[in-house]
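Just so you know, these numbers use all the heavy atoms, side chains as well, and skip hydrogens, waters and symmetry mates.
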Amino acid sequence: ADFSEKHVIEDELKYISDVGKIVGKNRKADEIIGKIQKDLRIKMEKMKSVRKKQKVLIINSLSKGLYIYTPRTLAGDIVTRLGGDVIGKEVENVGNTEILSFERLMMEKPDVIFIQSAPERDENILQGLYDHPAFRQVPAVLNKRVYTVPFYTIRCPAVRVGDAVDIFYRGLYPEDV
């Protein structure tokens, strides 16, 4: 599938279905898809009563700049469906790395930050963000609402897309967990 324009949950569900057909496990694939869809529906229903959308920054990497996931990405799609307002629409750049300036970060003032990581590096990744001068006055940092997201749940995750939904939901609505 071509994910360059927009990558949504349905792309991953189609992939699960296609793999199920190829390996002769249609029923199992349908069960997995059904569970992911049901879980997402329940979470979306719960957050309908939330009046104020939280501003959400989803960071791909902080290595040489502020590389982000924008609303057109799988991570952005999930957070949007869960009621978050994903920062970065103005820097969407299909086929290229999407970068947010640190000045824009301070103007946007995200309520919640998710940063892509590998579980074995979570503590270092979080500490690096908390120590970064550009993030010191950001509401998400001040309120300790910064969460890691394993890269394998948002980068071609297939069956792990359900894990991404859970991680984003817990970060957006910690009081509901």
Side-chain angles (χ1 to χ4, degrees), residues 2-12 40 43-44 47-48 50-119 121-157 160-161 163-177:
D2 181 11
F3 298 133
S4 61
E5 206 54 48
K6 189 159 177 83
H7 185 179
V8 296
I9 291 176
E10 287 76 14
D11 296 324
E12 294 304 313
L40 181 60
K43 286 173 171 53
M44 288 171 66
M47 48 66 48
K48 275 187 179 176
V50 175
R51 296 190 193 275
K52 182 184 180 281
K53 284 188 171 218
Q54 299 176 78
K55 282 185 143 184
V56 181
L57 177 64
I58 310 167
I59 301 172
N60 177 334
S61 170
L62 259 176
S63 61
K64 294 180 183 166
L66 185 51
Y67 299 91
I68 65 169
Y69 286 105
T70 61
R72 71 172 191 82
T73 64
L74 178 62
D77 177 56
I78 294 169
V79 169
T80 300
R81 290 178 193 226
L82 293 175
D85 180 14
V86 179
I87 294 168
K89 180 76 178 153
E90 68 284 347
V91 297
E92 287 184 339
N93 191 0
V94 176
N96 295 298
T97 304
E98 295 165 327
I99 303 170
L100 190 71
S101 70
F102 289 112
E103 293 82 6
R104 187 76 191 180
L105 163 73
M106 289 187 246
M107 287 172 46
E108 291 287 351
K109 299 181 177 154
D111 301 302
V112 182
I113 296 174
F114 294 97
I115 185 165
Q116 176 180 282
S117 181
R121 297 183 51 221
D122 282 356
E123 283 185 39
N124 293 340
I125 295 289
L126 285 173
Q127 195 58 54
L129 188 138
Y130 279 112
D131 291 344
H132 197 291
F135 286 88
R136 289 199 181 120
Q137 296 304 312
V138 171
V141 171
L142 294 171
N143 296 318
K144 304 275 190 234
R145 301 232 15 237
V146 180
Y147 308 96
T148 57
V149 182
F151 71 92
Y152 52 78
T153 65
I154 54 177
R155 303 286 298 225
C156 302
R160 289 185 169 158
V161 73
D163 296 335
V165 170
D166 288 339
I167 291 164
F168 287 126
Y169 185 81
R170 284 194 315 264
L172 288 166
Y173 308 104
E175 67 283 351
D176 195 46
V177 179

Quiz item: R155 versus N60: any side-chain heavy-atom pair under 4.5 Å?
Solution: yes
Exercise. Would you indicate whether E10, at its atom CD, is surrounded by more than 12 heavy atoms from other residues, nucleotides or ligands within a distance under 6.0 Å?
Key: yes
Practice problem: Working to the nearest 0.5 Å, report the span between NZ of K144 and CG of L126. | Solution: 10.0 Å
Quiz item: Looking at residues at least two apart in the chain, or sitting in another chain, which of them share a ring pair (Phe, Tyr, Trp, His ring centres under 6.0 Å) with F135?
Solution: H132
Practice problem: Enter the distance from I115:CD1 to L62:CG here, rounded to the nearest 0.5 Å. | Solution: 4.5 Å
Quiz prompt | Gap between atom CD1 of I58 and atom CD of E98 - 0.5 Å precision | solution = 11.0 Å
Self-check item: ring pair (Phe, Tyr, Trp, His ring centres under 6.0 Å) partners of Y152, counting only residues at least two apart
Solution: none
Quiz item: So, do R160 and E12 sit near enough that their side-chain heavy atoms are less than 4.5 Å apart?
Solution: no
Quiz item: Below 4.5 Å, heavy atoms only, C-beta onward: do V112 and V79 meet side chain to side chain?
Solution: no
Quiz item: Considering all heavy atoms of both residues, which atom of A134 and which atom of F102 are nearest to each other, and what is their separation?
Solution: CB-CD2, 3.4 Å
Exercise. Report the residue from I167, V86, V149, V161 that forms a side-chain contact (heavy atoms from CB on, under 4.5 Å) with I78.
Key: V161
Practice problem: Give the minimum heavy-atom separation between G171 and R145, together with the two atoms involved. | Solution: O-NH2, 2.8 Å
Quiz prompt | Donor-acceptor side-chain pairing of T153 and D163 below 3.5 angstrom | solution = no
Quiz item: Looking only at heavy atoms, which two atoms of M44 and R81 are closest? And how far apart?
Solution: CG-O, 3.3 Å
Self-check item: Check: K109 main-chain N/O paired with K55 side-chain donor or acceptor under 3.5 Å
Solution: no
Self-check item: Non-hydrogen atoms of R136 and L142 that approach each other most closely
Solution: O-CD2, 3.2 Å
Quiz item: Going from OG on S61 to CD1 on I99, what distance comes out if it is rounded to the nearest 0.5 angstrom?
Solution: 10.0 Å
Practice problem: Side-chain contact test, heavy atoms from C-beta onward, threshold under 4.5 Å: evaluate it for V8 versus L74 and give yes or no. | Solution: no
Quiz item: Counting heavy atoms not belonging to E90, are there more than 12 under 6.0 Å from its CD?
Solution: yes
Exercise. Could you tell me whether the side chain of D111 and the main chain of Q54 form a donor-acceptor pair under 3.5 Å?
Key: no
Quiz item: Any side-chain heavy atom of F151 within less than 4.5 Å of one from R121?
Solution: no
Quiz item: Which pair of heavy atoms, one from P139 and one from P110, lies closest together, and at what distance?
Solution: CB-O, 3.6 Å
Self-check item: From CG (L66) to CZ (R104), nearest 0.5 Å
Solution: 12.0 Å
Quiz prompt | Atom of I154, atom of A75 and distance for their closest heavy-atom approach | solution = CG2-CB, 4.1 Å
Quiz item: Does some side-chain heavy atom of R170 sit less than 4.5 Å from a side-chain heavy atom of F168?
Solution: no
Self-check item: Y173 side chain reached by E175 side chain, heavy atoms, under 4.5 Å
Solution: yes
Practice problem: Quick one: pull up OG1 in T70 and CG in L100 and give me the separation to the nearest 0.5 Å. | Solution: 10.5 Å
Quiz item: Is there side-chain contact between L172 and M47, with at least one heavy-atom pair below 4.5 Å?
Solution: no
